[in-house]
Amino acid sequence: MSRAELRMFQHATEKAAVFLKSKLDGNTRIKIISHMDADGIASAAILARCLYYYNVPFTVQFTLPLEPDKIAELAKEDHDMFVFLDQGSSQIEAIHKFILAKHANVLVIDHHPGLFIEHPNLVYLNPHTCGLNGGRDVSTSSSTYSVVEQIDLRFRALAGLAAAGAIGDRQEFLTGFTGINESLVKRAIELGLIYQSEGLKLVGRTMDPVVECLRLSTRPYIVGLSGNLGACRSLIDALGISHSSTLCDFGSDVERRLADAIFARVGPLATNEDFNRTLWGKLYATTTDDLAGPRDLREYATMLDACGNLGKPEVGFAVAVGDKNALTDALAVASSYREQMLKVLDGLVKKLGSFKVLSGFRYFYFGDTISPSLIGEALSLAIESGLLPTDKPVLGLVDAGENKIKISARSVPRLAMLGVDIGRALAEAAAKVGGHGSGHDVAAAARIPRERMDEFIDKLLQAFSETGGNPDTPEEPS
Ligand SMILES: [Mn+2]
């Protein structure tokens, strides 16, 4: 991130803050439309906390990015201002046509690429217009945080939520955060709002008995331990530590010994960089009492993500705005999500040898064995667990009902740096077969008519070679 880029982003943030601030007098009824994932939920909660403080009447709706006809319907609702969070950039045309045409005000805070058409009643904050990479440097939660922080410094206490959203969008890389996220987290650490330490990065480290924490581990998925209660018990017995304590009770010496025992257990994976850094590294915890829910921000992000992916975003939102009564529900959703994800990963691991390897990418068609809402996350987890090579992007295809196929694609920053943009490639190839695709350079999705799956694969091969998307690396010996 250059200084010019940072200055442009700050300028756009100030503009959004001035616009929002002018609508906080209580006379503007606001509708928030946000994305149904951890980043979208965290973003909506950050904005909602600000609106609660100023007694601004508002309603929230969580959805997948709205299609134009849904935006037309939305425009019929009676609100003075519409705020699109973690979506809106790729829907700007429909927003102009249906909402701005009615003289309603619109604020878009998003980090997806899109088309930016100016309008006097529209303000948008998008890192892509500032030369930043929305897929890596800044989440919608960190953008929304940057806006409310401009309005009043009291909202700085929400830094943990901003970081949780970025973690949910996988913008905390093996080497840490970058860009706006990095400076935000650094500042929050200096202010004592986030505590950073080092240890086993397993979800459940502050909540679950250590045996359960290992058994349910999908980030990383630990071959031989994940899903295997007996193996987890005997590993813990061998270390002579208590089954029922949580990881964070043990202290760093025991954590280190446990990490060594896990490395010894997984064989060659122990030297895999993805697996290594997914298992052990930086931990982030909130220090403020403001946030109900787990203190560990990775656990927090998982909880929000679980609520989004299992269709209960409002439960995660309730916790994130501070409703402690919703916490039991949110943790139950998180627990059921982790069990489901474990089963999905168990299934995926069995298919690792069956992925088809083409020049530009590798892929597998899972039929109806993996739910369309879980396939993308499953691929990310498999990569982070060192189970799938990252020399080229990976695609998972699944049945998505109504004779549609959903394609989830995952790549890594190193390939993006070489010019591989799976978001663009998926969008191009899907459009050519009557489907629709979008996303970032390292994570994207598409939906296409089922009968055109083979044609889609051909178009995608073309798209990858045309956009410089062929990583041009030698085939893996299989
Ligand atoms: Mn996002």
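Note that ligands are numbered from 1 as they come in the structure, with each ligand's atoms numbered from 1 the same way.
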Only distances under 3.5 Å count here; give the side-chain donor-acceptor pairs of residues 319-329 to other protein atoms, sequence neighbours excluded, each with its distance to 0.1 Å.
{"from": "D323", "atom 1": "OD1", "to": "N325", "atom 2": "N", "distance (Å)": "2.9"}

Less than 6.0 angstrom separating the ring centers of H111 and H128, yes or no? no
Check whether any N, O or S atom of D110, backbone or side chain, sits closer than 2.8 Å to the Mn ion (ligand 1). no
Any N/O/S atom, backbone or side chain, of D169 lying under 2.8 Å from the Mn ion (ligand 1)? yes
By atom name, which N, O or S atom belonging to D39 lies closest to the Mn ion (ligand 1)? OD2
Compute whether any side-chain donor of one residue and acceptor of the other, for D80 and T28, lie under 3.5 angstrom apart. no
Taking ring pair (Phe, Tyr, Trp, His ring centres under 6.0 Å) as the cut-off, I'd like each qualifying pair that reaches into residues 163-202, sequence neighbours left out, listed once. F177-Y284
Where the Mn ion (ligand 1) is the corner point, what angle links NE2 of H111 with OD1 of D86, to 10°? 80°
